[in-house]
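The structure appears below as structure tokens.
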Amino acid sequence: MIHNPHPSLPEFDYILPANLAEASDFLARHPDSSRPFLGGTDVFVRMRDGFITPKYLVDVKKLDGMNELSFNPAAGLTLGAAVNMNRVIASPDVQTHYPLLAEACRSVASYQLRTRATIAGNICNASPAGDAIGACLVMDGVLHVHGVDGPRQEPLAGFFLGPGRTRLRPGDVVTAIHLPLPPKGSAGRYFKLGRNRVSDLSIVGVTAYGYPDTSCASGCCFRLALASVAPVPLTVQEVETHLAGNPITPESIQQAACLAAEASTPINDVRGSARYRKQMVEKLSARALTAVWQKLV
């Protein structure tokens, strides 16, 4: 392989559809050679590095609803697909009702990149290392999707099929992500392990979330999501079941952290070994669950 010291973007045609129907139609007619894009922080890097070579890039960021950021006290939060992460972080409604989401977004790369990066792009890229995905998973996020047959909704649970693979079909354009109103008294934390403090992909990412729930024997419901340690971002049902049925103590939290490590299936790569990642899943899960529990009591 010849190393290119000056990588550049391959040639492509820029498509600017007039509306969502036009965008879906074009993408469906060119399923193997076109891609929608929003901020471009993932697609342009992957094109530059030769991982993908689309002939057409379809700009969807200015279409209907794409830049909406709205909060309804009864229904929850709606984030248009083109709303950048810095705007999410700065939103008073997000800071008040969804601080976990703001914390996760704040961990992504640099301030400059976050002026372009979007949560929807983070989700559609389907990287197992996506920082904002865990928060959206534990808070029951639902995607709004426009396809060739019109609009529909896709719950994030079960949305990811593998690295870079999702339930989206040819012609689909994600227009927004919706998060329901959090349960009263909820709390969350995101812990990310990288090779440096900023601007790095996670070696391990752990999202913990909890809220009072009298239907649980423990009095609280906990949710835990993991990043960078499986083919897809995942929630750990074993942790939720264990903490729902047992008194919350340092011992039960440590047992839950061990269950999280057992559920992970990391690989060896240049950023860390599988063994190291499993150990860090246990450590960070215990830390995150403890931090959430301390907020709840």
Side-chain angles (χ1 to χ4, degrees), residues 35 38-39 41-47 49-52 81 85 100-101 103-109 113-114 117-143 154-168 174 177 188-196 198-209 223-240 257 259-285 287-288:
R35 291 181 67 100
L38 294 162
T41 56
D42 287 315
V43 69
F44 288 137
V45 171
R46 297 182 71 195
M47 289 173 65
D49 293 343
F51 290 111
I52 58 173
M85 290 188 178
L100 173 61
L101 184 62
E103 180 180 28
C105 288
R106 199 175 290 113
S107 75
V108 175
L113 186 139
R114 292 194 301 268
T118 66
I119 293 175
N122 205 218
I123 292 169
C124 293
N125 190 46
S127 166
D131 289 301
I133 295 175
C136 296
L137 276 170
V138 299
M139 292 191 289
D140 296 321
V142 175
L143 296 178
E154 286 279 356
L156 272 188
F159 178 73
F160 302 100
L161 303 179
R165 296 174 52 236
T166 71
R167 292 194 180 277
L168 293 177
V174 172
I177 179 168
R189 287 301 310 271
Y190 178 59
F191 286 103
K192 172 180 177 177
L193 175 66
R195 293 173 297 183
N196 50 55
V198 295
S199 302
D200 193 27
L201 292 174
S202 63
I203 298 172
V204 174
V206 174
T207 305
Y209 186 63
R223 303 196 71 186
L224 191 79
L226 304 178
S228 288
V229 294
V232 297
L234 75 156
T235 54
V236 187
Q237 182 61 51
E238 295 86 350
V239 168
E240 300 174 23
L259 291 171
E262 291 173 7
S264 67
T265 56
I267 60 172
N268 297 307
D269 65 16
V270 296
R271 292 180 295 123
S273 68
R275 178 174 176 270
Y276 174 67
R277 280 188 162 106
K278 269 190 175 284
Q279 291 176 334
M280 291 302 100
V281 168
E282 180 179 338
K283 296 293 185 183
L284 292 180
S285 294
R287 186 185 304 175

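Below, all heavy atoms of this structure are taken into account, side chains as well, without hydrogens, waters or symmetry copies.
- In terms of heavy atoms, Val232 sits closest to Gly162 at CG1-N, 3.3 Å.
- With values rounded to the nearest 0.5 angstrom, Arg277 atom CZ is found 8.0 Å from Asn268 atom CG.
- Residues meeting the side-chain hydrogen bond (donor to acceptor under 3.5 Å, both in side chains) test with Glu262, sequence neighbours left out: none.
- Remark: Arg223 engages Asp140, Glu240 in a salt bridge (charged side-chain N to carboxylate O under 4.0 Å, His left out) (not counting sequence neighbours).
- Side-chain atoms of Asn122 come within 3.5 Å of backbone N or O of Ala132 as a donor-acceptor pair.
- Residues meeting the side chain to side chain contact (heavy atoms under 4.5 Å, CB included) test with Arg165, sequence neighbours left out: Leu161.
- The nearest pair of heavy atoms linking Ala81 to Leu38 is O-CD1, 3.3 Å.
- Under the side chain to side chain contact (heavy atoms under 4.5 Å, CB included) criterion, Ala135 pairs with Leu100, Leu101, Ala104, Met139, not counting sequence neighbours.
- Considering all non-hydrogen atoms of both residues, Ile123 and Thr166 come closest at O-CG2, 4.5 Å.
- Nearest approach of Val174 to Ala120, heavy atoms of both residues: CG1-CB, 4.3 Å.
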**Item:** Evaluation steps, side-chain contact (heavy atoms from CB on, under 4.5 Å), between Met47 and Arg35
**Value:** CA-CA 11 Å; Met47 289 173 65; Arg35 291 181 67 100; over 6 Å; no
**Request:** Go through the steps to decide whether Cys105 and Ile119 satisfy the test side-chain contact (heavy atoms from CB on, under 4.5 Å), and finish with yes or no.
**Result:** CA-CA 8 Å; Cys105 288; Ile119 293 175; 3.6 Å; yes
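- Residues Ala225 and Val138 share a closest heavy-atom pair of CB-CG1, 3.7 Å.
- The minimum heavy-atom distance linking Leu226 with Leu224 is given by the pair CD2-CD2, 4.2 Å.
- Residues passing the ring-ring contact (aromatic ring centres under 6.0 Å, His included) test with Phe44 are Phe37, sequence neighbours excluded.
- With sequence neighbours excluded, no residue satisfies side chain to side chain contact (heavy atoms under 4.5 Å, CB included) with Ala157.
- A search for side-chain hydrogen bond (donor to acceptor under 3.5 Å, both in side chains) contacts involving Arg114 returns Asn86, not counting sequence neighbours.
- Listed by first then second residue, pairs satisfying salt bridge (Lys or Arg N to Asp or Glu O under 4.0 Å) with a partner in residues 226-239 number zero, not counting sequence neighbours.
- With a 4.5 Å cut-off on side-chain heavy atoms, Ser285 and Val239 do not count as touching.
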**Asked** So Val229 and Lys278, side-chain contact (heavy atoms from CB on, under 4.5 Å) or not? Walk me through it.
**Response** CA-CA 8 Å; Val229 294; Lys278 269 190 175 284; over 6 Å; no
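- With sequence neighbours left out, Glu103 forms a salt bridge (charged side-chain N to carboxylate O under 4.0 Å, His left out) with Arg189.
- The salt bridge (charged side-chain N to carboxylate O under 4.0 Å, His left out) test applied to Arg271 returns Asp269, not counting sequence neighbours.
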**Asked** Are Phe159 and Ile133 close enough, and set up right, to give a side-chain contact (heavy atoms from CB on, under 4.5 Å), and what steps lead you there?
**Response** CA-CA 11 Å; Phe159 178 73; Ile133 295 175; over 6 Å; no
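- In the displayed structure, Lys283 atom NZ is contacted under 6.0 Å by at most 12 heavy atoms of other residues, nucleotides or ligands.
- Shown here are the side chain to side chain contact (heavy atoms under 4.5 Å, CB included) partners of Asp131, two or more places apart in sequence or in another chain: Ser107, Val108, Tyr190, Lys192, Ser202.
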